[in-house]
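Notes for the one structure printed next.
This is a predicted model, so every value here is computed, not measured. By convention in this document, chain letters (A, B, ...) are assigned in the order of the sequence lines, proteins followed by strands, and residues within each chain are numbered from 1.
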There are 2 protein chains.
Amino acid sequence: MAETTETGLPRAVAIAWGMQEVPQRGPNRGLSHERIVAAAIEIADAQGLSAVTMQAVATSLGFTTMSLYRYVSGKDELLRLMQDAAIAVPEKVSLPGDWREALRVWAGLVRDAFRGHPWVLGIPRGQVSVLMPNSVRVADLGLAALRDLPLDDEEKIGVILTVSQYVTSTVELELSLADEGTVAVTQEGLDLLGQVVTPDRYPHLAPVLMAGNYLETQPVAPGADEGIDTEYEFGLELIISGLEQRVRGEPARGAGDIA
Amino acid sequence: MAETTETGLPRAVAIAWGMQEVPQRGPNRGLSHERIVAAAIEIADAQGLSAVTMQAVATSLGFTTMSLYRYVSGKDELLRLMQDAAIAVPEKVSLPGDWREALRVWAGLVRDAFRGHPWVLGIPRGQVSVLMPNSVRVADLGLAALRDLPLDDEEKIGVILTVSQYVTSTVELELSLADEGTVAVTQEGLDLLGQVVTPDRYPHLAPVLMAGNYLETQPVAPGADEGIDTEYEFGLELIISGLEQRVRGEPARGAGDIA
DNA sequence: ACACTCGGTGTATGACATACACAGATTCGC
DNA sequence: GCGAATCTGTGTATGTCATACACCGAGTGT
């Protein structure tokens with residue numbers, strides 16, 4: 001993790017917060033971090049993360065590949081900037097007073113953010129990520145949602161962490177299922193699988209699998225898979241009601257000490 | 001998603017289940033899928049996923065790069081085989097009768113599996129992944145744990161999905177924090193961040209950040225970060241007690257329809 | 001005016017995945 | 001047992017990427 005010169009902050013963090021001193025003595029700059037990141041995001045949105053190459057970004061801006069390196073130290077840094085820039089949350093957010101409702105709204109914000117730029121999930125989150133502007137914003141909103149909850153700060157952080165992990169996992173699942181509406185296995189393949197996934201070896205799963213309740217053998221119409229939404233809510237409500245019970249004075253099994 | 005010739009199964013699935021007919025007419029094979037995957041896993045364990053190149057795997061086996069392509073159609077297929085082979089679960093697993101306890105044990109199994117080979121998290125999970133042997137095994141065990149729970153199959157699938165998502169997210173978090181014990185930001189950097197993360201812009205997070213409760217500025221001794229464990233249990237108990245409340249007859253907000 | 005610094009560019013390098021064609025081995029049909 | 005078909009392992013070649021390096025010319029501070 002490259003530290004920015006002088007200050008004790010990673011370069012990507014400094015750049016994202018606009019704390020990177022702009023050089024004075026050279027020619028005028030033809031590009032900016034913002035334009036580069038925006039171009040990269042546009043490519044990722046259109047053609048996926050794998051299409052984001054230094055060359056693609058540069059030529060889409062009308063510059064040469066190497067010019068980008070005057071702004072970012074390498075591709076990793078660019079990816080980190082994209083990762084944060086892509087999950088912007090609306091300027092104005094009004095959270096309901098009730099923490100349950102507020103948490104649902106907040107989770108929805110996070111979910112929408114990731115669903116809007118699903119490739120973000122393909123970029124590993126590091127220690128640096130949480131220091132980026134939008135991550136900070138989201139975390140702040142999350143704490144705001146839990147304002148009235150009788151938990152200490154560390155526990156609240158634990159909660160928003162758990163929820164956001166859950167949300168992103170759900171989006172990831174949704175993606176892997178959608179995947180161009182492709183189907184991994186046909187009915188014929190399923191039958192074949194039945195030869196090895198036998199009820200005696202997998203007593204609990206085999207029946208479900210054979211009944212066709214475990215995976216699709218038909219292409220899912222895009223958007224028509226409302227199962228995802230109900231699944232999402234199912235899990236979220238699980239967490240919320242668990243939390244409800246927790247603050248109601250249930251014996252605490254674990255208190256979060258978050259790093 | 002390459003389908004296996006003839007059958008309606010993806011090649012990786014057929015291979016993993018040993019359903020790939022072995023050719024008869026050629027010279028004897030010097031390698032096997034098992035050996036290749038094992039070698040690749042060994043490299044990943046030792047030097048991370050990025051060190052797994054076709055060349056590295058091949059030379060570690062004393063063969064040339066291209067020889068691997070006689071066994072796997074490409075790197076993707078190899079990765080998928082690794083992904084499944086690495087998360088093996090003990091042969092004999094005894095799950096407690098009480099579903100709460102059983103679910104804890106099951107979650108622990110999943111957690112241990114991923115912690116043993118953390119690089120697995122770096123391989124995207126696709127539709128194919130759930131059809132691989134160990135995934136099937138884990139799913140079966142999950143359903144076994146929930147045996148006595150008054151939910152239908154689809155809901156149970158939803159539960160084990162939620163739990164395994166949660167567990168993997170936790171492991172991922174743990175990793176990003178550990179990351180060689182590196183610290184992303186020094187105390188000096190934290191002070192600098194205070195110039196932009198101000199209490200008026202981030203009223204809820206800023207105090208937490210400045211208090212040092214949001215991230216570490218000291219290297220975490222490996223293994224000494226017990227905060228992770230309590231955090232893990234915290235979230236898991238959240239889900240479990242949510243589930244408890246759910247089956248106790250709470251109004252269902254969502255019923256899972258899992259693909 | 002001069003030296004210093006910086007931006008954009010061209011070229012070069014090295015890592016990787018993978019296509020292709022070849023030579024020898026093995027087995028099948030007869 | 002023999003020839004054809006098929007498969008294995010290999011060497012070579014290609015295309016994609018990220019990125020190091022050195023150059024030129026544009027601005028800036030003195």
Backbone N/O of [Y] and side chain of [X]: donor-acceptor pair under 3.5 Å:
{"X": "B/Trp17", "Y": "B/Leu131", "answer": "yes"}
{"X": "A/Asp84", "Y": "A/Ser135", "answer": "yes"}
{"X": "B/Glu21", "Y": "B/Met19", "answer": "no"}
{"X": "B/Trp106", "Y": "B/Val138", "answer": "yes"}

Item to check | Option passing side-chain contact (heavy atoms from CB on, under 4.5 Å) with B/Gln83 (candidates B/Val37, B/Asn134, B/Val120) | outcome: B/Val120

Rounded off to whole Å, could you give me the [atom1]-to-[atom2] distance for the [X] and [N] pair?
{"X": "B/Leu68", "N": "D/dT10", "atom1": "CG", "atom2": "C1'", "value": "12 Å"}
{"X": "A/Leu61", "N": "C/dG7", "atom1": "CG", "atom2": "P", "value": "16 Å"}
{"X": "A/Leu78", "N": "D/dC17", "atom1": "CG", "atom2": "C1'", "value": "14 Å"}

Just the atom pairs and distances: protein N or O near nucleotides 16-18 of chain C's N or O, under 3.5 Å.
residue : atom : partner : partner atom : Å
C/dA17  : OP1  : B/Lys75 : NZ           : 2.5
C/dA17  : OP2  : B/Met54 : N            : 2.9
C/dT18  : OP2  : B/Tyr69 : OH           : 3.1
C/dT18  : OP2  : B/Lys75 : N            : 3.0

Next on the checklist: Can you confirm whether A/Trp119 sits close enough to A/Ile41 that some side-chain heavy atom of one is under 4.5 Å from a side-chain heavy atom of the other?
Outcome noted: yes

Checklist entry - In chain order, what residues pass the side chain to side chain contact (heavy atoms under 4.5 Å, CB included) check against B/Thr59, with sequence neighbours excluded? => result B/Gln55

N/O-N/O pairs, protein side and nucleotides 6-9 of chain D side, under 3.5 Å:
residue : atom : partner : partner atom : Å
D/dT8   : OP1  : B/Arg29 : NE           : 2.8
D/dT8   : OP1  : B/Arg29 : NH2          : 2.8
D/dG9   : OP1  : B/Gly30 : N            : 2.5
D/dG9   : OP1  : B/Tyr71 : OH           : 3.0
D/dG9   : OP2  : B/Tyr71 : OH           : 2.9
D/dG9   : N7   : B/Arg70 : NE           : 3.0
D/dG9   : O6   : B/Arg70 : NH2          : 2.5

Checklist entry - Aromatic rings A/Tyr71 and A/His33: how do their planes relate, parallel, tilted or perpendicular, breaks at 30° and 60°? => result perpendicular

